[in-house]
Asks: 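Quick one: the structure is below, and I'll ask about it shortly.
We count ligands from 1, going down the list as the structure has it; atoms in each ligand are counted the same way.
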Amino acid sequence: MPNGAERLLEVLAAHDVEVVFGLPGVHNLAIWEALEKHKGIRMIGVRHEQTAVYAADGYARATGRLGVAVVTTGPGAANTLGATGEAWASGSPVLVIATDIPSTLRQPGVYRGVLHETRDQKAMFLPVTKAAFDVPAAHELGACTDKAVHAATQSPHGPVYLGVPTDFLSAEAPHHTPAKIVRDHLVPDLADAERLIARARRPLIWAGGGAARSGAGAAVGALADKLSAPIITTYGARGLTDSPYVVKGPVHAPPVGKLWDEADLVIAIGTDLDGMMTQNWLQPKPPALLAINIDKADADKNYPADVTVEGDAAAVTEALAAKVSAKDSVVDVDAVNAEVRALVEADSPEAAKLLRALEGETATIVADMCIPGYWIGGFHHVTKPRGLAYPVGWGTLGFGFPAAIGAALDGRTIAVVGDGGFLFACGDLATLRQEGLPLTIVLVDDGGYGMLRYDQQVADHAISGVDLARPDFAKLAESFGIPAVALDGFDGLKEALANADGPAMIVVNASLKPPVNTSPRWYRKNAT
Ligand SMILES: Cc1ncc(C[n+]2csc(CCOP(=O)(O)OP(=O)(O)O)c2C)c(N)n1
Ligand SMILES: [Mg+2]
């Protein structure tokens with residue numbers, strides 16, 4: 001009979017998993033042995049466990065599929081927590097499989113000093129996962145893996161922890177027939193929603209990550225068409241639809257924010273209207289709010305909804321678009337977009353050059369929590385669904401490069417990172433080289449933690465701890481066998497991107513001012 005490790009892979013393969021990201025340890029080695037037999041699954045060996053989960057997350061965001069990470073017990077599992085938290089806050093379908101100490105050596109509640117032992121490894125993951133499971137017995141390994149995959153991939157998506165005592169991987173494990181994942185397309189009664197829309201003269205559509213994950217782009221475009229309603233996309237929904245009603249800028253830019261203020265109905269689709277988008281809820285409560293969300297609690301936790309439609313964003317929006325009557329156009333979206341472009345040019349000509357270099361880019365872009373990343377998150381017009389991954393969920397610096405490794409499994413990818421965040425996972429240049437992935441790193445070197453330097457300036461603090469010694473990044477990349485060029489400013493960036501093929505790094509020496517979508521520049525202020 002196959003062992004636990006083989007059963008684990010069998011269940012993953014039955015759920016169409018083709019790639020996993022991992023780092024071996026003595027406890028999980030049976031999985032590498034099983035991979036030798038199971039040629040259908042590709043293991044991308046990474047250089048730190050944070051990368052295993054970031055890459056799984058980047059893969060999940062780029063493809064919409066399950067991202068899987070395999071790590072070892074104790075410190076290996078703990079090393080994934082920042083990345084797991086980012087996947088959790090961004091609702092990414094990620095499965096973190098970590099081994100645990102042998103079940104035979106465990107004394108519940110007692111730390112005995114077994115190699116890699118943690119008193120309660122699963123407990124570390126509870127606050128940063130949608131669900132966490134410990135496999136209770138070897139014969140339940142298949143069923144438990146199946147349950148974990150279901151939890152991660154069933155809406156609302158999220159990361160799931162699966163803890164496997166190491167001895168179960170080599171024990172006999174009976175066959176388990178995985179259950180098919182079925183998506184719930186049921187559309188509830190829409191009468192209340194229709195009434196709310198019928199009354200509105202100036203509706204606004206606000207689409208979030210849930211809309212993107214359910215593939216609601218066409219439906220959202222159709223609804224906007226019908227209602228002549230502008231569409232504001234959150235960071236998690238950039239590129240959702242190519243509808244001409246999409247506003248090409250963040251709601252933190254006053255001409256876009258005005259659309260919210262002047263709307264008499266906001267139709268919020270697959271979004272929780274979070275603090276990062278709404279300037280910590282300083283956007284006023286809209287006169288009417290219609291929320292469409294698979295998770296009712298998520299739908300109106302931040303702004304009370306007049307009507308909540310609980311269901312799949314794509315299915316509900318499509319049905320609604322078919323039912324509502326057409327409305328006349330009240331908002332000139334092209335004029336708003338022109339205003340936004342002018343604002344960027346006036347605010348930061350250098351940032352405008354960065355954005356121009358990326359205009360029309362068809363590669364997937366993965367941005368880090370760096371100033372160029374904030375500009376891209378706010379102002380880059382993304383040309384395809386899932387075309388931008390950005391760690392706004394948890395604000396996780398160090399996401400950009402390792403998540404891009406996962407995204408690059410799906411095709412050409414550009415990681416935009418700063419000199420500070422890149423060093424979090426620079427060892428994974430070795431992974432990039434080893435796997436030969438189509439990933440170009442655009443590293444903007446401003447001599448340190450530029451965003452924090454700005455925070456210190458506006459707070460009138462001393463400039464301290466933010467100017468950093470850096471390596472010669474181009475030489476660093478070249479030492480891994482990755483070709484690199486260095487530019488002064490963004491002028492040559494478009495050409496350098498066009499010339500980059502396979503693993504590559506472009507170092508840009510430049511310093512940008514943070515954009516209006518970063519919190520120190522939010523324009524809405526508390527009345528106090
Ligand atoms: C895990 C984590 N640690 C620290 C921070 C705080 N932080 C946000 S931006 C930033 C500076 C990033 O520097 P760099 O990558 O060079 O980008 P820059 O701001 O210079 O463009 C820091 C330290 C964070 N968001 N996440
Ligand atoms: Mg920097």
Asks: At under 4.0 Å between heavy atoms, is it the side chain or the backbone of L452 that contacts ligand 1, or both, or neither?
Replies: side chain
Asks: If we only count N/O pairs under 3.5 Å, is M451 in contact with ligand 1?
Replies: yes
Asks: Decide, yes or no, whether a salt bridge links K353 with E350 under the criterion of side-chain N to carboxylate O below 4.0 Å.
Replies: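 Between E350 and K353 there is a salt bridge, with a charged N closer than 4.0 Å to a carboxylate O.
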Asks: Any ion pair linking K258 and E339 (charged N to carboxylate O, less than 4.0 Å)?
Replies: no
Asks: Between S90 and E86, does any side-chain donor sit less than 3.5 Å from a side-chain acceptor?
Replies: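 Indeed, the side chains of S90 and E86 share at least one donor-acceptor pair under 3.5 Å.
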Asks: Could you tell me the angle subtended at the Mg ion (ligand 2) by O of G448 and OD1 of D419, rounded to 10°?
Replies: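 That angle is 110°.
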Asks: For atom 13 (O) of ligand 1, which protein heavy atom lies nearest, and how many Å away is it?
Replies: Y449 CD2, 3.3 Å
Asks: Flag T396 as yes when one of its N or O atoms lies below 3.5 Å from any N or O atom of ligand 1, and as no otherwise.
Replies: no
Asks: Quick check on contacts: which atoms of ligand 1 are under 4.0 angstrom from a heavy atom of M369?
Replies: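 Close to M369: 9 (S), 12 (C).
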Asks: Of all the non-hydrogen atoms in the protein, which one sits nearest to atom 4 (C) of ligand 1, and at what distance?
Replies: L397 CD2, 4.1 Å
Asks: Quick check on contacts: which atoms of ligand 1 are under 4.0 angstrom from a heavy atom of D446?
Replies: 18 (P), 20 (O), 21 (O)
Asks: Under a heavy-atom criterion of less than 4.0 Å, does G448 contact ligand 1?
Replies: yes
Asks: Among the heavy atoms of Y374, does any lie under 4.0 Å from an atom of ligand 1?
Replies: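 In this structure, Y374 qualifies as a contact of ligand 1 - some heavy atom is under 4.0 Å.
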Asks: Does the pair K494/E361 count as a salt bridge with the N-to-O cut at 4.0 Å?
Replies: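 Salt bridge between K494 and E361, a charged N being under 4.0 Å from a carboxylate O: no.
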Asks: Looking at G420, which atoms of ligand 1 are within less than 4.0 Å of one of its heavy atoms?
Replies: 14 (P), 15 (O), 16 (O)
Asks: Atom CD1 of I463 and atom CD of Q456: how far apart are they, to the nearest 0.5 Å?
Replies: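 Nearest 0.5 Å value for the CD1-CD distance: 5.0 Å.
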Asks: Check whether the side chains of T63 and D410 place a donor and an acceptor atom closer than 3.5 Å, and report yes or no.
Replies: no
Asks: So for ligand 1, is G395 a polar contact partner (N or O within less than 3.5 Å, distance only)?
Replies: yes
Asks: Only N/O/S atoms count here: what is the atom of D446 closest to the Mg ion (ligand 2) called?
Replies: OD1
Asks: Any N/O of G421 closer than 3.5 Å to an N/O of ligand 1?
Replies: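 G421 vs ligand 1: N/O contact under 3.5 Å present.
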Asks: For I371 and ligand 1, does the shortest N/O to N/O distance drop below 3.5 Å?
Replies: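 The answer is yes, given that I371 and ligand 1 share an N or O pair closer than 3.5 Å.
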Asks: On the 0 to 90° scale, with breaks at 30° and 60°, tag the Y54-F399 ring pair as parallel, tilted or perpendicular.
Replies: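 Ring orientation, 0 to 90° scale: perpendicular.
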Asks: Can you figure out which of G465, G418, G450 has its heavy atom closest to atom 18 (P) of ligand 1?
Replies: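 Considering heavy atoms of G465, G418, G450, the nearest to atom 18 (P) of ligand 1 sits in G450.
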Asks: Check for me whether P372 has a heavy atom closer than 4.0 Å to any atom of ligand 1.
Replies: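 Within the 4.0 Å threshold, so yes.
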Asks: Any nitrogen or oxygen of D419 lying under 3.5 Å from a nitrogen or oxygen in ligand 1? Just yes or no.
Replies: yes
